[in-house]
Amino acid sequence: MCENKNQSDEFVRNPCEEDDPQNVENPADEKHFEQIEDSGSILTSRGDNVIHCLTIIGQIEGHYILPQNNKTTKYEHVIPLLVSIDEDPRIDGLLILLNTVGGDVEAGLAIAELISGMRKPTVSIVLGGGHSIGIPLAVAAKRSFIAKSASMTAHPVRSTGLTIGVPQTFEYYQRMQDRITNFVVDNSKISKEDYTALVMNTGELVMDVGTILDGQRAVDLGLVDSVGTLTDATDCLYAMIDESKKTS
């Protein structure tokens, strides 16, 4: 017998074979106030199309717990949530709202890889900032937007704490930077040479190496697809969903 979770569960319940289709609730009609509080996500719909809206904010938390006064996105929450979204037949697409200062590189790349590998239509929009590892998260979606007032900061991989000053350490950082660069290049229209130049720019940031990009410049360089608003992003996502249903 298929067991149904109650409406306060964090993840959306998938319908099972024994459900009567007429009695299966539209997930956008369920109450998800706890889900907003716990994972920063909500379901909404337009007509027959249901989308999952996921926010990635603050600092991407990796294997170590950050102080409680930090706004964080926990990768152990987002990763299973993305799997649930991609596998739930009632959800048609994913909208990602980004306002992040970056964070753990491997946790951010793990989330970005999942987003880029999803079957369903995905759209991201950078609001405020999409800095550091937030850049791979933005370009991971099938279509990306950035608000006119938003910015993105590209800089090399950095580390806090004790660093052993040996050649192997610098080689490790270079290999990690290559992983980020290759992902960004593979999922956007920017060239490897242009992105590397942004990352290694020494003439713009006073206390760091890198480049700050406003919305239009990020688009001009091919890093993001379009400058736009929330309406632009949602309209694009619903259009992608409609096209996906026609071809399926």
Side-chain angles (χ1 to χ4, degrees), residues 54-67 70-83 96 98-118 122 124 126 128-142 144 146 150-213 217-218 221-224:
L54 173 66
T55 58
I56 297 179
I57 61 171
Q59 198 164 347
I60 310 299
E61 189 175 82
H63 302 301
Y64 299 98
I65 298 175
L66 295 172
N70 287 29
K71 289 285 186 179
T72 63
T73 295
K74 299 179 183 294
Y75 81 109
E76 70 270 23
H77 291 175
V78 176
I79 286 176
L81 183 58
L82 290 172
V83 176
I96 305 146
L98 283 163
N99 186 14
T100 176
V101 295
D104 188 278
V105 170
E106 292 193 341
L109 275 180
I111 296 171
E113 285 284 5
L114 280 180
I115 294 171
S116 68
M118 294 179 72
T122 54
S124 67
V126 178
H131 309 306
S132 188
I133 201 62
I135 294 177
L137 289 167
V139 305
K142 293 178 175 63
S144 57
I146 184 169
S151 65
M152 307 176 86
T153 303
H155 61 71
V157 171
R158 298 178 297 194
S159 178
T160 57
L162 178 65
T163 299
I164 301 175
V166 295
Q168 293 92 328
T169 299
F170 298 105
E171 181 183 356
Y172 171 75
Y173 285 153
Q174 183 58 54
R175 290 166 64 184
M176 184 175 289
Q177 183 61 54
D178 288 342
R179 291 163 60 193
I180 298 170
T181 300
N182 290 336
F183 182 90
V184 172
V185 170
D186 290 344
N187 290 273
S188 70
K189 300 181 182 69
I190 196 170
S191 68
K192 187 171 185 177
E193 293 74 20
D194 286 346
Y195 188 72
T196 300
L198 294 175
V199 169
M200 301 306 296
N201 181 17
T202 59
E204 185 165 330
L205 301 180
V206 177
M207 301 294 290
D208 201 351
V209 176
T211 306
I212 300 175
L213 304 170
R217 191 179 176 199
L221 288 168
L223 197 56
V224 179

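Here the closest non-hydrogen pair linking Ala138 and Met152 is CB-CE, 3.9 Å. Annotation for Ser188 and Gly222: closest pair CB-O, 3.6 Å, computed over non-hydrogen atoms. Summarising the geometry of Ala140 relative to Ala112, their closest heavy-atom pair is CB-O, 3.4 Å, with the distance given to 0.1 Å. The nearest pair of heavy atoms linking Glu106 to Met176 is OE2-CE, 4.4 Å. Looking at every heavy atom in both residues, Gly108 comes nearest to Leu137 through O-CD2, 3.6 Å.
In this structure the side chain of Asn99 never reaches within 4.5 angstrom of the side chain of Thr55, judged on heavy atoms.
Every residue two or more places apart in sequence or in another chain was checked for a side chain to side chain donor-acceptor pair (under 3.5 Å) with Ser124, and none qualifies. For Asp178, the side-chain contact (heavy atoms from CB on, under 4.5 Å) criterion is met by Gln174, Asn182, not counting sequence neighbours. In this structure, the side-chain contact (heavy atoms from CB on, under 4.5 Å) partners of Ile79, at least two apart in sequence or on a different chain, are Tyr75, Ala110, Ile111, Leu114. The side-chain contact (heavy atoms from CB on, under 4.5 Å) check on Ile164 picks up Val166, Thr169, with sequence neighbours excluded. Among residues two or more places apart in sequence or in another chain, the salt bridge (Lys or Arg N to Asp or Glu O under 4.0 Å) test is passed with Asp186 by none. With sequence neighbours left out, Met200 forms a side-chain contact (heavy atoms from CB on, under 4.5 Å) with Pro156, Thr196. Among residues two or more places apart in sequence or in another chain, the ring-ring contact (aromatic ring centres under 6.0 Å, His included) test is passed with Tyr195 by none. By the side chain to side chain donor-acceptor pair (under 3.5 Å) test, Thr153 is found to be paired with His131, residues two or more places apart in sequence or in another chain being considered. By the salt bridge (Lys or Arg N to Asp or Glu O under 4.0 Å) test, Glu113 pairs with no residue at all, sequence neighbours left out. By the side chain to side chain donor-acceptor pair (under 3.5 Å) test, Tyr172 pairs with no residue at all, sequence neighbours left out. In this view, Lys74 and Glu61 satisfy the salt bridge (Lys or Arg N to Asp or Glu O under 4.0 Å) rule, not counting sequence neighbours. In this structure, the salt bridge (Lys or Arg N to Asp or Glu O under 4.0 Å) partners of Lys189, at least two apart in sequence or on a different chain, are Asp225.
The OG1 atom of Thr163 lies 13.0 Å from the CZ atom of Arg158; values are rounded to the nearest 0.5 Å. In this structure, Asp104 CG and Leu109 CG are separated by 9.0 Å, a value rounded to the nearest 0.5 Å. Between Ile180 atom CD1 and His155 atom NE2 the span is 8.5 Å, to the nearest 0.5 Å. Here OG of Ser144 is found 10.0 Å from CG of Asn187. Values are rounded to the nearest 0.5 Å.
Between the side chain of Ser132 and the main chain of Val101, no donor-acceptor pair closer than 3.5 Å is present. Counting only distance, with no hydrogens or angles, the side chain of Glu204 and the backbone of Ile212 share a donor-acceptor pair below 3.5 Å. Proximity of a side-chain donor or acceptor of Thr211 to a complementary backbone N or O of Leu198 within less than 3.5 Å is detected.
With respect to Thr72, the side chain to side chain contact (heavy atoms under 4.5 Å, CB included) criterion is satisfied by exactly one of Ile65, Ile57, Leu66, Thr100: Leu66.
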Please walk me through it: do Val209 and Leu205 pass side chain to side chain contact (heavy atoms under 4.5 Å, CB included)? CA-CA 6 Å; Val209 176; Leu205 301 180; over 6 Å; no
Would you please test Leu98 and Ile146 for side chain to side chain contact (heavy atoms under 4.5 Å, CB included) and show each step? CA-CA 9 Å; Leu98 283 163; Ile146 184 169; over 6 Å; no
Before giving the answer on side chain to side chain contact (heavy atoms under 4.5 Å, CB included), spell out for Val78 and Thr73 the whole-Å C-alpha distance, their side-chain angles and the decisive distance to 0.1 Å. CA-CA 8 Å; Val78 176; Thr73 295; 3.5 Å; yes
For the pair Val184 and Ile190, evaluate side chain to side chain contact (heavy atoms under 4.5 Å, CB included) and give the outcome as yes or no after the intermediate values. CA-CA 8 Å; Val184 172; Ile190 196 170; 4.2 Å; yes
